[in-house]
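Okay, structure first, notes after.
Since this is a predicted model, take the numbers as computed values, not measurements. Hydrogens, waters and symmetry mates play no part in the numbers below; they use all other heavy atoms, side chains included.
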Amino acid sequence: MSDNIPFEIQQEIIKKLPVKSLIQFRSVSKTWKSLIDSSDFIARYIGHVQHLLIRYHDPADSKPKYVSIVDDDTFPQQKLWLTAPILVNMLESCSIIGSSHGLLWEKGYSIRYGVCSETNDLKIVKIRQVSRWSKVESVTSIPWQVEVFTLRTGAWRSLNSNLPRKSIRFSRSKDFLDGFIYWLAIDRNTMDDGYTYYNLIISFDMTSERFKEVKLPDSLAHGSSYRLSLSKLKESICVFENNGVADNLTITVWMMEDGISNSFVKLFTISNSSDTPLSSIRGFRKTGEPVTGIEELENLSTSGVYRYVETLLLLDQPNH
């Protein structure tokens with residue numbers, strides 16, 4: 001870039017470039033490298049383009065495979081076939097549980113995780129809970145172990161207060177928005193004639209490190225938990241409600257209104273059709289359009305669609 005262009009303007013141009021270009025431009029000069037590697041630049045970087053990570057299974061290979069597709073007006077032409085790291089392939093029954101600022105989090109079996117970043121620091125919350133209702137009764141204290149990891153310290157620390165109630169059990173469905181992690185959960189209460197169950201959302205504020213209960217509309221709270229899933233749609237937390245079976249299947253989308261807990265509005269309902277069977281919907285794009293099949297993947301077993309953006313997050317953390 002010409003030396004005649006003031007450095008302040010160079011910064012404005014550089015921060016709008018894609019991550020791949022920025023990593024290459026670190027070799028142009030010491031000044032550019034210092035700028036791109038700085039914590040302030042990483043925190044203010046605005047060149048994020050959303051991608052969809054498609055996880056699928058090829059019958060010829062037992063390990064899951066991945067393809068990344070740019071989620072913009074060119075969708076789905078811009079594809080990048082990815083090779084999973086060796087450690088990911090070594091995980092048993094692994095699944096992707098989320099992403100934040102380009103970092104994808106995969107886990108094995110039995111522990112709930114959440115990942116989120118605040119500015120250029122990363123936090124991971126790890127939650128261990130009693131896996132069966134029958135075992136909860138024998139636990140005399142709250143059956144939770146909650147730990148938080150921060151990239152700056154490189155260490156885990158335990159949380160011992162403001163933990164979820166003993167009667168609550170998390171599901172696998174979760175998502176992340178504006179520094180909060182949200183899980184679908186079930187609350188089981190003991191009654192004289194047995195038990196009552198109701199669905200709710202548990203949120204975790206990554207800044208204050210506090211849990212909070214979010215009530216669902218009555219029709220969702222008292223329905224079957226197997227019909228519900230949690231996702232982010234149009235930058236809002238949404239609950240997807242599946243009703244019916246086979247040809248009569250419908251999906252109703254409920255949105256948390258204006259980010260206000262306990263306030264939900266019914267957004268829309270998708271009905272089954274011969275052109276777009278609901279069983280083929282694997283996720284939703286940033287625009288809200290459902291992802292039903294990706295050309296080369298249509299004849300393969302697609303097991304998930306995950307949103308992510310590329311990141312510079314770790315450039316100033318070489319030891320991590």
Looking just at side-chain N and O atoms, do [X] and [Y] make a donor-acceptor pair shorter than 3.5 Å?
X: T150; Y: T153; value: yes
X: D40; Y: S38; value: no
X: R210; Y: S208; value: no
X: T269; Y: T250; value: no
X: Y308; Y: S68; value: yes
X: Y198; Y: D187; value: yes

[atom1] of [X] to [atom2] of [Y]: how many Å apart, nearest 0.5 Å?
X: L200; Y: S225; atom1: CG; atom2: OG; value: 11.0 Å
X: I36; Y: Q11; atom1: CD1; atom2: CD; value: 10.5 Å
X: L17; Y: I13; atom1: CG; atom2: CD1; value: 8.0 Å
X: L80; Y: I69; atom1: CG; atom2: CD1; value: 10.0 Å
X: F75; Y: Q50; atom1: CZ; atom2: CD; value: 10.5 Å
X: S229; Y: N242; atom1: OG; atom2: CG; value: 6.0 Å

What do the steps show when you test W183 against I168 for side-chain contact (heavy atoms from CB on, under 4.5 Å), and what is the final call? CA-CA 11 Å; W183 288 270; I168 289 176; over 6 Å; no
Identify the heavy atoms of [X] and [Y] that sit nearest to each other, and give their distance.
X: F211; Y: I202; value: CD2-CG2, 3.7 Å
X: L35; Y: F41; value: O-CB, 3.1 Å
X: N199; Y: G223; value: ND2-O, 2.9 Å
X: C238; Y: L230; value: O-CD1, 3.4 Å

Are the side chains of [X] and [Y] in touch, meaning some heavy atoms are under 4.5 Å apart?
X: F264; Y: I201; answer: yes
X: I14; Y: L22; answer: yes
X: R188; Y: R169; answer: no
X: Y182; Y: D175; answer: no
X: S263; Y: K215; answer: no
X: W254; Y: L220; answer: yes
X: F240; Y: L228; answer: no

If you apply the rule salt bridge (Lys or Arg N to Asp or Glu O under 4.0 Å), what do you find for K30 with D37, and how did you get there? CA-CA 10 Å; K30 291 182 178 179; D37 288 1; over 6 Å; no
Working for side-chain contact (heavy atoms from CB on, under 4.5 Å), residues F25 and K33: CA-CA 7 Å; F25 290 166; K33 184 178 187 304; over 6 Å; no
Short N-O contact, [X] and [Y], less than 4.0 angstrom:
X: K212; Y: D205; answer: no
X: R285; Y: D71; answer: yes
X: K266; Y: E241; answer: no

Are the side chain of [X] and the backbone of [Y] linked by a donor-acceptor contact shorter than 3.5 Å?
X: S171; Y: L184; result: yes
X: T74; Y: Q77; result: no
X: Q10; Y: I5; result: yes

Find out if a path of hydrophobic residues (ILVMFWY) with successive side-chain heavy-atom gaps under 4.5 Å connects I186 to Y226.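 No; tracing contacts between hydrophobic side chains, which count when under 4.5 Å, never links both residues.
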Counterpart residues, ring-ring contact (aromatic ring centres under 6.0 Å, His included), relative to F7 (two or more places apart):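 By the ring-ring contact (aromatic ring centres under 6.0 Å, His included) rule, F7 matches no residue at all.
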Report the C-alpha separation of F204 and L159 in whole Å, then their side-chain angles, then the decisive distance to 0.1 Å, and conclude whether the side-chain contact (heavy atoms from CB on, under 4.5 Å) test is met. CA-CA 12 Å; F204 183 77; L159 299 183; 3.8 Å; yes
Run the side-chain contact (heavy atoms from CB on, under 4.5 Å) test on E213 and R165 for me, step by step, so that the C-alpha distance in whole Å, both residues' side-chain angles and the decisive distance to 0.1 Å come before the verdict. CA-CA 10 Å; E213 297 181 13; R165 290 181 286 114; 2.8 Å; yes
Using the side-chain contact (heavy atoms from CB on, under 4.5 Å) rule, pick out the option among V265, I237, V239 that qualifies with M256. I237
Set of salt bridge (charged side-chain N to carboxylate O under 4.0 Å, His left out) partners for E147, sequence neighbours left out: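 Only K126 meet the salt bridge (charged side-chain N to carboxylate O under 4.0 Å, His left out) criterion with E147.
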